[in-house]
Each structure stands twice: as structure tokens, then as C-alpha cells.
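Remarks on the structure that follows.
Since the structure is predicted, the reported quantities are computational estimates derived from the model, not experimental observations. Naming: A, B, ... by sequence-line order, numbering from 1 per chain.
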Protein chains: 2
Amino acid sequence: MNIFIDYRSRVPIYEQIKKEIILAVSRGELKPEEQLPSLRALSAELSVNINTIKRSFSELEDEGIIYSVAGKGSFISDRAELDSYVEASLRSFSEAVKNAKKLGVDKEELATIIFNIYGDGSDKND
Amino acid sequence: MNIFIDYRSRVPIYEQIKKEIILAVSRGELKPEEQLPSLRALSAELSVNINTIKRSFSELEDEGIIYSVAGKGSFISDRAELDSYVEASLRSFSEAVKNAKKLGVDKEELATIIFNIYGDGSDKND
DNA sequence: TAACTGTGCTATCACAGATATTACAGTTAT
DNA sequence: ATAACTGTAATATCTGTGATAGCACAGTTA
């Protein structure tokens, strides 16, 4: 599943897992109806307690990203809507911009950072 | 001191206080050698325990923003360097940009947000 | 001396995250 | 039916952190 947990982060593990899955769906790596690893398998793979995995999955289910069936497994939802995550991302982006502005950062500096991360228009990543 | 605490926020109170003071210094509202409210005064004004205020001040002192003298009070440091805070702000900005990119947000959309927050070049705030 | 300052320490409480364990119920293949 | 998987649920425990309360002590100032 290519999920990396940063134990030093203040972000809870269950949220890190949620985010990784959401991003995988966003990238198209996880497609609708595709089966996720079982709770116990992911628990073993990540060395994270099954209850923590369960929490991630339960919240993702509440948010309509996945659905789970007892006895079968967990699957990517047919129409996994990511709009709310994009909105949340834009909100935190806005907060970051406001904070930088308050600290006197020039807007051109922010533009440059975006330019560097997105690339010059070609297909470079990260 | 014009410090507003959001008790619903997940950001600890002592960090909110730190941030407010740092931003006040950044805005020039708090000038070098200017005295801060006493621990007990701020504690009473904000209805926050003195230990919590103390933690904010201690960390700010560790970070070179303020200095405290027993019996006298706490003061803005002579050369309060905010560079590390600007760097931290830019780091979190970068994270926000990367996250938005991963979610497929167009870079022009981010540029628009910056444009709206910074204004069109005139002097509007927030 | 009195009234302020900051400092230090201990103790307590509440909450959240994470873990461990056990048990139960649904699905699938043999 | 059985075995081996799935998810679900509940309880208990441990831990770290944030926040509070209270006390004592030391430096400063008028």
C-alpha cells in the first residue's frame, strides 16, 4: 500500500493513513470498487494496531470514500467524492498565505515557491 | 494585549499566545525593549492559568524573541530575530502547495487565492 | 516593609491517541 | 460443517500533552 507513517509527526497515525488513501484515490492509484488491504493485513504491514486502522477506515467510510462489508473487506467507493478534501486543502493553503503575509513575506516569494513545486510547465513531479 | 484565544482550536493555548506575540513583533506593534504584560496580568486578562502563560514566555525566551528578568518583567528582545518563524511559515506554505498539487488543484487557482489575500496591489488587509 | 516581578516545583485532572485482548458476526472456499 | 478469512464491537490499559491549582522562593522597586 505504500503508506509511510511519520511517528515523529504530531499528526495522528489514523489521520496520516486517511490522507495517504485519499491521495492514492486522487492520483487514480486506487480505483472505484478496488479492494483495500484487510484491517489485519494493513495492521501487520504498518505495525499499527488494528483499532487504529479501523478508525481510519471508519472515518473514510463516514466520509464516503470507502465502504466496508463484514466478511468481504473494504473497497473504494463507487463515486468517491474528493471535493471536500480539495476544499480543506485550499482552506489550509489560504491560512498559510495569510500567515506568511502577516510575517511580511512578499507575495512574489510565494509565487516562486508555487512555481518551483509545480514545475515550469513540463511534467516534473514534487 | 489584543490576544484572542480560540478554545475550540486544536492549537494549544500556549502556542496561540506565542504566535500572537510573534505577529505583534512582526507588525512592529511590540518594539525592542518594550515590556510585556506580567505573567499574572496576562493570566488574569486572558483567563488562562499563569503556568500556561509562563510556558509561552519561556519558549519565546528560548527562541530569542523575548527575555525575562525576575522581579522586573518580560521584554521584547533587543534583536528579536523572526527569520526562523518566516522560514517555518514558508515551510508550511510549501506543504500546503504540495498537498493541493497532489489533490489535482491547478496552480492558477492557488495564484488566485494569493492575489485575493494580498490584494491587487493597493493597501487592503486580510 | 509591601507589592510587585519571574521562577520552580509538585500534584491533579481531562482528553486524545494508541495499544492489547476478547468476542461476535458475515463471507468464502474446501 | 469446517477453516480461514473478512469487518465489527466492546473493554481496559498505557501514555503523552495540555491545562489547571497551589505553594514557595528569589529578585526589584518604591
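Under the 3.5 Å distance criterion, the side-chain polar atoms of B:T112 are matched with a main-chain donor or acceptor of B:E108. Judged by distance alone, with hydrogens and angles left aside, the side-chain atoms of A:S43 form a donor-acceptor pair with the main-chain N or O of A:V48 at under 3.5 Å. Panel note: side chain A:S56, backbone A:Y14; a donor-acceptor pair is recorded below 3.5 Å.
Rounded to whole Å, atom P of D:dT20 lies 13 Å from atom CG of B:L42. Distance CD1 (B:I53) to P (C:dT7): 13 Å, rounded to an integer number of Å. The separation between B:R55 atom CZ and C:dT7 atom P is 15 Å, rounded to whole Å. Atoms CG (B:N49) and P (C:dT10) sit 17 Å apart, rounded to a whole Å. Taking atom CG of B:L46 as the reference point, atom P of D:dT20 lies 10 Å away to the nearest angstrom. One interatomic measurement links the two molecules: OH of A:Y7 to C1' of C:dG17, which rounds to 13 Å at whole-angstrom precision.
Listed by residue number, there are no residues of residues 9-23 of chain A with a heavy-atom contact under 4.0 Å to DNA chain D.
A salt bridge does not link B:E95 with B:R91: every distance from a Lys NZ or Arg NE/NH1/NH2 to an Asp or Glu carboxylate oxygen is 4.0 Å or more. The existence of a salt bridge linking B:E15 and B:K19 is excluded, since no basic side-chain nitrogen approaches an acidic carboxylate oxygen closer than 4.0 Å.
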Please produce a list of atom pairs where a protein N or O lies less than 3.5 Å from an N or O of nucleotides 7-13 of chain D.
{"from": "D:dG7", "atom 1": "OP1", "to": "A:L39", "atom 2": "N", "distance (Å)": "3.3"}
{"from": "D:dG7", "atom 1": "OP2", "to": "A:L39", "atom 2": "N", "distance (Å)": "3.0"}
{"from": "D:dG7", "atom 1": "N7", "to": "A:R40", "atom 2": "NH1", "distance (Å)": "2.9"}
{"from": "D:dG7", "atom 1": "O6", "to": "A:R40", "atom 2": "NH2", "distance (Å)": "2.9"}
{"from": "D:dT8", "atom 1": "OP2", "to": "A:K54", "atom 2": "NZ", "distance (Å)": "2.3"}
{"from": "D:dT8", "atom 1": "O5'", "to": "A:K54", "atom 2": "NZ", "distance (Å)": "3.2"}
{"from": "D:dA10", "atom 1": "N6", "to": "A:N51", "atom 2": "OD1", "distance (Å)": "3.4"}

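Evaluation of the salt bridge (Lys or Arg N to Asp or Glu O under 4.0 Å) test over residues 32-54 of chain A, restricted to residues two or more places apart or in two chains, returns none.
In terms of heavy atoms, A:K107 sits closest to B:G119 at NZ-O, 3.7 Å.
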Taking it one step at a time, do A:K18 and A:E20 satisfy salt bridge (charged side-chain N to carboxylate O under 4.0 Å, His left out)? CA-CA 6 Å; A:K18 280 181 63 181; A:E20 293 286 336; over 6 Å; no
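When both distances must be under 3.5 Å, the Watson-Crick or G-U wobble mate of C:dA20 is D:dT11.
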